[in-house]
Number of protein chains: 2
Amino acid sequence: MADRSPTGRPQRVSMADVARRAGVSSQTVSRVSNGHPGVVDTTREQVLAAMRELGYRPNSAARALRSGRFRTIGVILFSLSSTGNVRTLDAIATSAAAEGYAITVIPVEAPTQDGVNGAFTRMGELAVDAVILLMEVHLLDAASILLPTDVPVVVADSDAGDRYPVVDTDQAAGSRTAVQHLLGLGHRTVVHLAGPSESFAAQRREDAWRRTLREAGREVPPVYRGDWSAASGYEVGQEIARTDATAVFAANDQMALGLIRALAEAGREVPQDVSVVGFDDVPDAVAFRPPLTTVHQDFAEVGRRCVAGVLRQMADHTIPHGRTLVATRLVERASTAAP
Amino acid sequence: MADRSPTGRPQRVSMADVARRAGVSSQTVSRVSNGHPGVVDTTREQVLAAMRELGYRPNSAARALRSGRFRTIGVILFSLSSTGNVRTLDAIATSAAAEGYAITVIPVEAPTQDGVNGAFTRMGELAVDAVILLMEVHLLDAASILLPTDVPVVVADSDAGDRYPVVDTDQAAGSRTAVQHLLGLGHRTVVHLAGPSESFAAQRREDAWRRTLREAGREVPPVYRGDWSAASGYEVGQEIARTDATAVFAANDQMALGLIRALAEAGREVPQDVSVVGFDDVPDAVAFRPPLTTVHQDFAEVGRRCVAGVLRQMADHTIPHGRTLVATRLVERASTAAP
DNA sequence: ACGCACGATGTTGACGTGAACATCCCCGTG
DNA sequence: CACGGGGATGTTCACGTCAACATCGTGCGT
């Protein structure tokens, strides 16, 4: 049985308590607490000792009230079930922690107008100094009227027009590399297994695929479309397996996983009969059967730049515009070969 | 170009501003803001109008300072790269949002003592009313001295002794079901591809596997061990492929993925030659080749109970002890068959 | 030896909110 | 018609911190 304060509500130790114990004024405690200079070593020691004895922890509410800063960044996102979002979030949290900022996560349950509005309303009441948005453009558009106007914003993985700065993976360059890799192996053309049409990332990948084929003077086959999930990749893959496609560029690794299974079940082996390239480079991609050739996204860099973006806005009180693109690179494994 | 306040630092609207505009006292604004009764409709309307015109948003720092509550729950976890953690976090965030609580994520960079201490120190200064821990037991043990004593804590997915209440998936029952399923199909015994030995979940799954075999009077083969990753599953799977094992229980789905590839490459097809059961039921499991039979974890329920647990502690000022187990269920797909 | 300057510490007040208490006014009742 | 009661609204104050200013004392220069 734990021996904790049995009274239930423990009243917190304040600066005044520490000051009394140490025999100094609370201002001196404040100075010690914030590492200000101008406190004699012996005094500082007394104060630190009193803090330790009393278990003093600064009250962040009072601090925030006084300073107007919470040292917290809010992240609004649709769901934590998408790999990309999670990895970006992870990177954001790590970068923010390095800067002494905490991350508050606001999940938007449903990708509906109401859901987004709800999240923004909650965010408005929230204790955050800045907001990072991980979501699709059209919902942002409709909801942006509710974005608090006095809070820096950075948008990741979407298109904010010129309203907010955007940090994004270079979807176009990544897709181009993937398609060119397949063409370079000798494939006549490349089929695309696209993501959902509401997704901005999916659109950009699809556009780049089409443009690359056109520029190479190749035939542009009809688009197949999934919803990012491996299950949808499998389903759509069954259709693709019935065509004479020899190379497929899947808009993400999960769909590539489902696609490969569909192809295998139809007797078309990867990469002997069909080459497949994915996008994301999820950690498991190396363990797929066969190990997946895919476009690696640098989520850590995206996260770093998002955090740097809002911090800069906080420091400058300016609103930078424009798009920051983070480079990708093709990771060649065993799912591609000459036709 | 956005037309936002060009002065840089925008001074926020306070209750006093709204009160002046509406021609009432700030206390009346407070009452309207908090939905208190005893405000006449016409007055309420005036206040709401003034709030709208001025774009008033309550200052959460002042609110928190006054009320002593942040309406925020902190979640400490090692990394967002583990599927289980992320899904639990997602569930926690959703449940918390439903209760009007926000989630602050504190990632612990390295699973070292310093890393953990850093997180706790930061957490101590953080604006949270409660803490949910998603981490392994031994690190918690070493670090717990730094846990603020006046904050409710719930531990998920670990073992807190009797110090804190624990919410966990019923690892033992899930593993037992998996092993029994394989034995029921006629396999003589079951090989276990365990998780890392530091992991509490991995230990429990391994223990249950061993106990189930013993109880059934079967031979207990040596344990193979991975680190949760698909890559490690592949590596260890190559060893397993050289044995005469006919049934493998993998401690998670990702390792099962790697294992299946290793078996296939060694010419041993799943499920014809070897049956494989996973643990987690990740969304992709249905798209594995073959679709994976696995133990489904109810992360949503774990998240709900974690949140309910800390909220109850906040309400009661009591520290409940003991372990809450969340049931699992076996999802039979195509990776298991009679030997 | 005197005074001044500067370094160490103390005092005061304000940040925005909301509980507790005070006041005011209207209406009903004796 | 006076008075009491109760509902609506206003006033005061404290929450914990920290910046700005005030004060105190010591040491150094002349």
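Keep in mind that what you see is a predicted model, and the values were worked out from it rather than measured. These numbers come from the heavy atoms of this one structure, side chains and all, not from hydrogens, waters or symmetry mates. Throughout, protein chains are lettered first and strands after them, A, B, ... in sequence-line order, and every chain is numbered starting at 1.
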Just how far, in rounded Å, is [atom2] of [N] from [atom1] of [X]?
X	N	atom1	atom2	result
B:Leu54	C:dG16	CG	P	13 Å
B:Arg69	C:dG16	CZ	C1'	20 Å
A:Met15	D:dC15	CE	C1'	14 Å
B:Arg57	C:dG16	CZ	P	13 Å
B:Arg66	D:dC13	CZ	P	13 Å
A:Gln27	C:dA14	CD	P	16 Å
B:Asp41	D:dG7	CG	C1'	14 Å
B:Arg20	D:dT11	CZ	P	13 Å

Look at all strands and tell whether [X] reaches a base, only sugar-phosphate, or nothing, counting heavy atoms closer than 4.0 Å.
X	value
A:Val29	nothing
B:Ser30	base
A:Ser33	nothing

Respond yes when some side-chain nitrogen or oxygen of [X] is under 4.0 Å from OP1 or OP2 of [N], and no when none is.
X	N	result
B:Ser26	D:dG10	no
A:Asn59	D:dC15	no
A:Thr28	C:dG10	yes
A:Arg31	C:dT9	no

Nearest to the side chain of [X] - [options]?
X	options	answer
B:Val24	D:dG10, C:dG10, D:dG16	D:dG10
A:Ala62	D:dT17, C:dT9, C:dA19	D:dT17
A:Ser14	C:dT17, D:dG10, D:dT17	D:dT17

- Can you list the steps and then say if B:Arg63 with B:Ser33 is a side chain to side chain donor-acceptor pair (under 3.5 Å)? CA-CA 11 Å; B:Arg63 221 172 227 190; B:Ser33 177; 3.0 Å; yes
- For the pair A:Asp168 and A:Arg323, evaluate salt bridge (charged side-chain N to carboxylate O under 4.0 Å, His left out) and give the outcome as yes or no after the intermediate values. CA-CA 7 Å; A:Asp168 198 5; A:Arg323 173 174 294 273; 3.7 Å; yes
- Check step by step if side chain to side chain donor-acceptor pair (under 3.5 Å) holds for B:Thr72 and B:Thr104. CA-CA 7 Å; B:Thr72 297; B:Thr104 290; 5.1 Å; no
- Message: So if I apply the side-chain contact (heavy atoms from CB on, under 4.5 Å) rule between A:Val131 and each of A:Val151, A:Val155, A:Val154, which one comes out positive?
- Response: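 That would be A:Val151; it is the only one of A:Val151, A:Val155, A:Val154 passing the side-chain contact (heavy atoms from CB on, under 4.5 Å) with A:Val131.
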- Task: Indicate yes or no: does B:Arg20 engage B:Asp17 in a salt bridge with an N to O separation below 4.0 Å.
- Result: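 Judged by the 4.0 Å cut-off on N to carboxylate O distance, B:Arg20 and B:Asp17 do form a salt bridge.
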- Task: Return the 5'-most residue of the pair A:Leu65, B:Thr42 with respect to DNA chain D, ranking by each residue's nearest nucleotide.
- Result: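 Here B:Thr42 is the residue nearer the 5' end.
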